[in-house]
Amino acid sequence: MLTKTKIYLSSPHMGTSEQKYVSEAFDTNWIAPLGPHVDGFENDIKSYLGGKKEVAVLSSGTASIHMALKLLGVTRGDEVLCQSFTFSASANPILYQGASPIFIDSERDTWNMCPELLEIAIKDRIEKHKKPKAIIAVHLYGMPYKANEINAIANKYDIPVVEDSAEALGSTYFGKTCGMLSDMGIISFNGNKIITTSGGGALVVKTKELKEKAVFYATQARDNAAHYEHSSIGYNYRMSNVLAGIGRGQMEVLDDRVRARRQNFEFYKKHLSEFKDITFLEEPDNFFSNRWITCIETPSFELREKIRLELLKDDIESRPLWKPMHMQPIFKDNLHFSNGISEDLFQRGLCLPSGSNLTQDDLSRILNNITKTLKL
Ligand SMILES: *Cc1c(COP(=O)(O)O)cnc(C)c1O
């Protein structure tokens with residue numbers, strides 16, 4: 001009898017060159033958080049983003065957000081506006097800096113930060129003499145946020161935007177690659193993302209000086225001296241040369257991975273469109289999503305759970321949408337500006353398996369479980 005294998009939400013998918021780059025690192029003994037692959041990977045990302053921005057590869061996307069806030073001078077007592085509908089790693093670095101997050105709810109078109117609520121929040125904070133130090137907006141599940149609207153408001157009040165592009169490498173917005181739409185961008189190469197170095201991230205900035213400053217802080221903030229001299233707090237956040245080798249191989253297949261993930265989305269949409277209860281998030285004009293994760297909206301929490309549990313019985317991983325930060329116990333005392341949208345999506349939405357390595361058999365098996373539940 002054939003035993004069925006577990007189907008994951010999003011699992012790593014190696015190409016053909018990763019091992020070659022890793023072997024090169026071993027052969028030349030570059031097993032450190034510096035080396036030729038670190039430089040090479042940074043250059044690969046830089047060219048992917050169009051060549052005009054500077055890239056520092058770091059140990060994680062979370063570390064990259066932390067360094068972005070550090071470069072922007074976010075410090076104890078400051079307030080930072082952050083998209084509520086996201087993974088906690090978007091917000092935690094605000095706490096690392098001793099600052100307070102204020103959460104902004106989503107709009108329906110993209111599920112991302114609502115520009116109107118953002119402006120309401122900024123006006124409120126300025127009135128109370130607490131002008132926010134930064135804005136963290138997120139391209140959730142690969143769908144770009146409304147960058148033109150968000151940037152216009154940010155510029156009006158002169159507040160920098162950190163673009164959390166952890167889930168959106170390969171997405172574009174009016175032809176521009178996500179990760180370079182705002183003042184500072186971050187990318188994640190965690191194991192579940194569209195490409196992975198097992199763990200890793202990148203910070204995208206506008207100038208060489210900013211990049212050098214980020215690398216300085218990320219490598220223990222050692223001042224220029226023969227001995228170890230320190231006049232600021234340092235971090236151990238640089239990416240290892242071995243992992244950067246994996247990243248170089250993964251960059252070669254990024255476009256294929258985007259294509260495969262978008263095909264998953266098309267497959268689910270095609271076969272589930274007969275069920276009026278199930279809806280998908282469509283791309284507004286000029287928005288191109290990498291479809292990192294295909295998400296569905298169901299009419300109720302109960303049906304969402306029925307589908308999720310049916311999949312689980314067949315060893316298929318699916319997951320409710322992100323629980324908004326303003327509903328998380330750790331942020332219960334933080335201010336939020338909400339409209340009910342992310343809370344509603346959290347109740348009714350489900351992430352379907354979306355790996356670029358899903359086979360046609362996997363997809364059919366997932367689909368059968370969903371349609372079986374819907375026909376009950
Ligand atoms: C994964 C993720 C991060 C954090 O990236 P890591 O590399 O896992 O630290 C941040 N924000 C969002 C939206 C993410 O999905």
Side-chain angles (χ1 to χ4, degrees), residues 8-12 33 41 45 55-70 80-97 101 103-104 106 110-113 134-145 147 150 161-171 178-179 181-182 184-204 214 218 235-240 243-244 246-247 250 261 281 289-295 319-326 328 330-331 342 345-346 349 351 354-355:
Y8 292 94
L9 196 67
S10 177
S11 69
F41 188 29
I45 301 167
V55 178
V57 288
L58 302 176
S59 55
S60 70
T62 313
S64 306
I65 297 173
H66 188 191
M67 290 298 93
L69 297 179
K70 175 105 182 157
V80 174
L81 302 173
C82 181
Q83 184 164 320
S84 186
F85 197 31
T86 187
F87 174 49
S88 63
S90 302
N92 283 334
I94 302 168
L95 303 185
Y96 303 167
Q97 284 303 95
F103 295 108
I104 312 291
S106 295
T110 68
W111 296 0
N112 292 317
M113 185 181 273
I135 298 164
I136 302 176
V138 186
H139 306 299
L140 212 62
Y141 302 116
M143 181 65 77
Y145 61 79
I150 300 282
V161 178
V162 175
E163 180 189 359
D164 183 342
S165 205
E167 303 178 357
L169 188 60
S171 298
C178 285
L181 301 177
S182 300
M184 285 187 189
I186 77 96
I187 301 165
S188 167
F189 304 110
N190 195 35
N192 57 346
K193 299 302 195 307
I194 190 152
I195 60 168
T196 181
T197 57
S198 77
L203 174 65
V204 182
Y235 302 86
N236 186 2
Y237 276 173
R238 197 67 161 132
M239 181 180 279
S240 122
L243 300 191
I246 303 178
Q250 287 273 277
R261 298 234 177 201
L281 183 63
S289 169
N290 66 7
R291 296 293 186 192
W292 171 56
I293 300 283
T294 294
C295 305
R319 197 179 291 166
L321 301 189
W322 296 122
K323 181 172 182 176
M325 291 306 113
H326 72 269
Q328 297 285 358
I330 187 171
F331 296 123
S342 63
L345 288 167
F346 168 61
C351 300
S354 300

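Remember, it's 1-based here, ligands and their atoms both numbered in the order they're listed.
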Which atoms of ligand 1 have any heavy atom of [X] under 4.0 Å away?
X	value
Gly61	5 (O), 6 (P), 7 (O), 9 (O)
Ala166	2 (C), 3 (C), 10 (C), 11 (N), 12 (C), 14 (C)
Thr86	13 (C)
Ala89	3 (C), 4 (C), 10 (C)
Asn190	7 (O), 8 (O)
Gly200	7 (O)
Val138	13 (C)
Ser188	1 (C), 5 (O), 6 (P), 7 (O), 8 (O)

What protein heavy atom lies closest to atom 11 (N) of ligand 1? Include the residue and the distance to one decimal.
Asp164 OD2, 2.8 Å
In the protein, which heavy atom is nearest to atom 9 (O) of ligand 1, and how far is it?
Thr62 OG1, 2.5 Å
Residue pair [X] / [Y]: nearest heavy atoms and the distance that separates them:
X	Y	result
Asn290	Tyr141	OD1-O, 3.9 Å
Ser198	Asn190	O-OD1, 3.7 Å
Ser90	Ile65	CA-CD1, 3.8 Å

Walk me through it: do Phe85 and Trp322 pass the test ring-ring contact (aromatic ring centres under 6.0 Å, His included)?
CA-CA 6 Å; Phe85 197 31; Trp322 296 122; 8.5 Å; no
Does Gly201 have a non-hydrogen atom less than 4.0 Å from ligand 1?
no
Contact check, His139 vs ligand 1, heavy-atom distance below 4.0 Å:
no
The single option from His326, Met325, Lys323 that satisfies side chain to side chain contact (heavy atoms under 4.5 Å, CB included) with Ser342 is His326
Compute whether any side-chain donor of one residue and acceptor of the other, for His139 and Glu167, lie under 3.5 angstrom apart.
no
Side chain Arg238, main chain Val57, donor-acceptor under 3.5 Å:
yes
Given ring-ring contact (aromatic ring centres under 6.0 Å, His included), test Phe189 with Phe41 step by step and report yes or no.
CA-CA 12 Å; Phe189 304 110; Phe41 188 29; 5.0 Å; yes
Going by the closest heavy atom to atom 2 (C) of ligand 1, which one wins out of Glu167, His66, Gln83, Lys193?
Lys193
Working to the nearest 0.5 angstrom, can you tell me the gap between Trp292 CH2 and Leu140 CG?
8.0 Å
